[in-house]
Number of protein chains: 2
Amino acid sequence: MRETESEGERHPGRRREALSASGIVRAAIEILDAEGEDALTFRSLAKRLSTGAGAIYHHVASKDELLEAAAAELVAAIVATATPDADVRTLMLEAFDLIDAHRWLGSQLARAPWQAAVLLVVEAVGERLAVAGVPEDHQFDVASALVHHILGAAGQHAASARVPLAVGRSGLLKTVADDWTSRARRDQLPFVRAMARQLADHDDRRQFAAGVDLILAGAATLTRPAPPHAPTPRPTGS
Amino acid sequence: MRETESEGERHPGRRREALSASGIVRAAIEILDAEGEDALTFRSLAKRLSTGAGAIYHHVASKDELLEAAAAELVAAIVATATPDADVRTLMLEAFDLIDAHRWLGSQLARAPWQAAVLLVVEAVGERLAVAGVPEDHQFDVASALVHHILGAAGQHAASARVPLAVGRSGLLKTVADDWTSRARRDQLPFVRAMARQLADHDDRRQFAAGVDLILAGAATLTRPAPPHAPTPRPTGS
DNA sequence: ACCTGAACACCGTTCAAGT
DNA sequence: ACCTGAACACCGTTCAAGT
């Protein structure tokens with residue numbers, strides 16, 4: 001347990017490196033991952049960093065900014081590593097897996113559409129649409145549909161992150177399915193009831209992928225030069 | 001200004017009818033619509049109902065329950081009126097318009113997937129898929145894709161509800177677009193930058209509808225008896 | 001039974017005071 | 001300049017005390 005006096009070990013408090021924005025963000029991610037969204041407070045963060053709550057404000061402007069930075073950090077990592085040759089579908093599934101692994105990320109992404117993390121996803125998805133053969137004048141629509149799909153699924157996942165960790169994933173699904181089933185029975189919701197039964201068996205990653213394939217299949221129908229009928233604004237006819 | 005002694009007008013405090021769950025939910029919706037999500041607190045709600053904050057807990061268990069009930073009330077209304085003969089596409093657009101009119105609804109719907117409001121949407125969407133010609137074994141996937149699309153768009157809308165009311169919608173869009181454009185320039189995000197330019201011109205209702213059409217077009221490709229290639233799990237090939 | 005409103009245990013954020 | 005931690009202005013929720 002001897003203290004070696006290496007490099008700049010002269011300052012008494014030098015054991016902990018000076019506070020920095022990136023260090024704070026890193027610590028925030030650790031708390032979010034380990035203990036969930038509600039556990040991240042400026043007080044808990046300050047305690048982990050062995051400092052006062054006010055000190056954090058010298059490096060990040062607000063909790064919103066902190067959460068945005070945390071989300072951007074994670075998304076940037078997968079976008080950077082996935083970029084080389086992955087196609088849209090692969091990228092979408094990687095995004096799903098990221099949100100699955102860090103469940104607080106779901107609600108954070110849904111919180112503000114123009115935050116850096118969302119922009120990175122939009123860009124990464126959009127860049128691959130030309131390669132996928134989506135005509136230029138439909139790329140924005142397809143990109144927004146894919147991103148909505150991510151954000152929608154993200155919200156679902158974020159919600160299931162709120163239950164205590166003791167309840168396993170399949171246990172949770174079982175509970176939700178039971179809840180759905182009972183409510184559906186009482187309220188006469190046959191479709192929901194049938195879907196709840198399936199939900200208990202299949203996993204939602206598969207369902208997410210199916211949704212991606214639906215959107216891409218829809219996009220593929222656009223590559224034909226001229227579809228016979230434009231979508232009419234009046235859907236009243238049978 | 002004479003007081004007529006009608007019916008049960010004997011009690012001094014009878015002017016305001018007794019507190020009830022539905023009355024509380026109605027008042028909550030009024031506050032949410034008029035002043036936004038952050039303005040709804042048990043204190044502000046109690047003040048509007050001329051009672052104490054604690055009294056509300058005799059009728060609703062928590063703020064979560066209150067928000068779920070408020071969302072369910074609005075969704076139930078459009079599902080009930082839209083039900084007769086509207087197709088999926090129309091229903092989706094009505095859901096979009098509802099979320100557009102009550103922006104707090106977006107974040108509330110994303111909050112918990114098994115809340116009543118979401119169940120009602122799933123059911124209403126699901127019921128119409130058979131009519132739309134979606135094969136039975138794909139209905140859950142299509143329904144979940146459509147609901148993810150709603151929830152994704154809902155999140156976007158909810159986020160734009162956080163800005164002060166003074167800023168008009170187009171003004172906000174302009175600001176967001178500017179922000180997107182500047183960040184995109186700095187960070188080299190060409191697709192986002194191009195999309196931001198279009199975002200300033202076109203409205204997002206149209207983009208939402210385009211997404212719905214994409215999913216439905218994708219679903220239409222499933223109605224063929226047997227597609228030549230099943231989606232392969234390995235997308236690594238070019 | 002229903003209501004009241006002070007009290008409790010928290011938040012995010014600010015700011016005088018220290019180093 | 002950076003940090004500290006008490007203080008401020010809130011929350012949701014509880015609960016003794018009233019009617």
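So that the names make sense, note that chain A is the first sequence line, chain B the second, and so on, each numbered from 1.
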Between C1' on dG5(C) and CG on Leu49(B), what's the gap in Å once rounded to a whole number? 15 Å
Lys/Arg N to Asp/Glu carboxylate O, Asp64(A) vs Arg111(A), below 4.0 Å: no
Watson-Crick or G-U wobble mate for dA9(C), both contacts under 3.5 Å: none
In this structure, how many angstroms lie between the P atom of dA1(C) and the CD1 atom of Ile56(B), rounded? 21 Å
Find the distance Lys63(A):NZ to dG12(C):P and express it as a whole number of Å. 4 Å
Starting at atom CD1 of Ile31(A), determine the distance to atom P of dC11(C), rounded to an integer number of angstrom. 12 Å
Check whether any side-chain N or O of His149(B) sits under 3.5 Å from a backbone N or O of Phe208(B) as a donor-acceptor pair, and report yes or no. yes
Please give, in whole Å, the distance from dC8(C) C1' to Arg43(B) CZ? 11 Å
Nearest listed nucleotide, side chain of His58(A), among dC2(C), dG12(C), dC3(D): dC3(D)
Taking side-chain hydrogen bond (donor to acceptor under 3.5 Å, both in side chains) as the criterion, tell me which of Glu37(A), Glu68(A), His102(A), Gln115(A) meets it with Gln108(A). Gln115(A)
Return the value, rounded to whole Å, for the distance between atom CG of Leu45(B) and atom P of dT13(D). 12 Å
Rounded to whole Å, how long is the line connecting atom OH of Tyr57(B) with atom C1' of dG12(D)? 4 Å
What is the distance, rounded to the nearest whole Å, between atom NZ of Lys47(A) and atom P of dG5(D)? 13 Å
With a non-hydrogen cut-off below 4.0 angstrom, is Leu40(B) in contact with a base, only sugar-phosphate, or nothing? sugar-phosphate
Check whether Arg103(B) reaches the backbone of Ile99(B) with its side chain - one donor and one acceptor, N or O, closer than 3.5 Å. no
At less than 4.0 Å, is any side-chain N or O atom of His59(B) found next to OP1 or OP2 of dC3(C)? Yes or no. yes
If you assign each of Ala55(A) and Phe42(A) to its closest nucleotide in DNA chain C, which residue comes earlier from the 5' end? Phe42(A)
Both distances under 3.5 Å, Watson-Crick or G-U wobble: report the partner of dG18(D), or none. dC2(C)
Is there a side chain to side chain contact (heavy atoms under 4.5 Å, CB included) between Asp204(A) and Asp100(A)? Walk through the geometry before answering. CA-CA 10 Å; Asp204(A) 39 1; Asp100(A) 194 38; over 6 Å; no
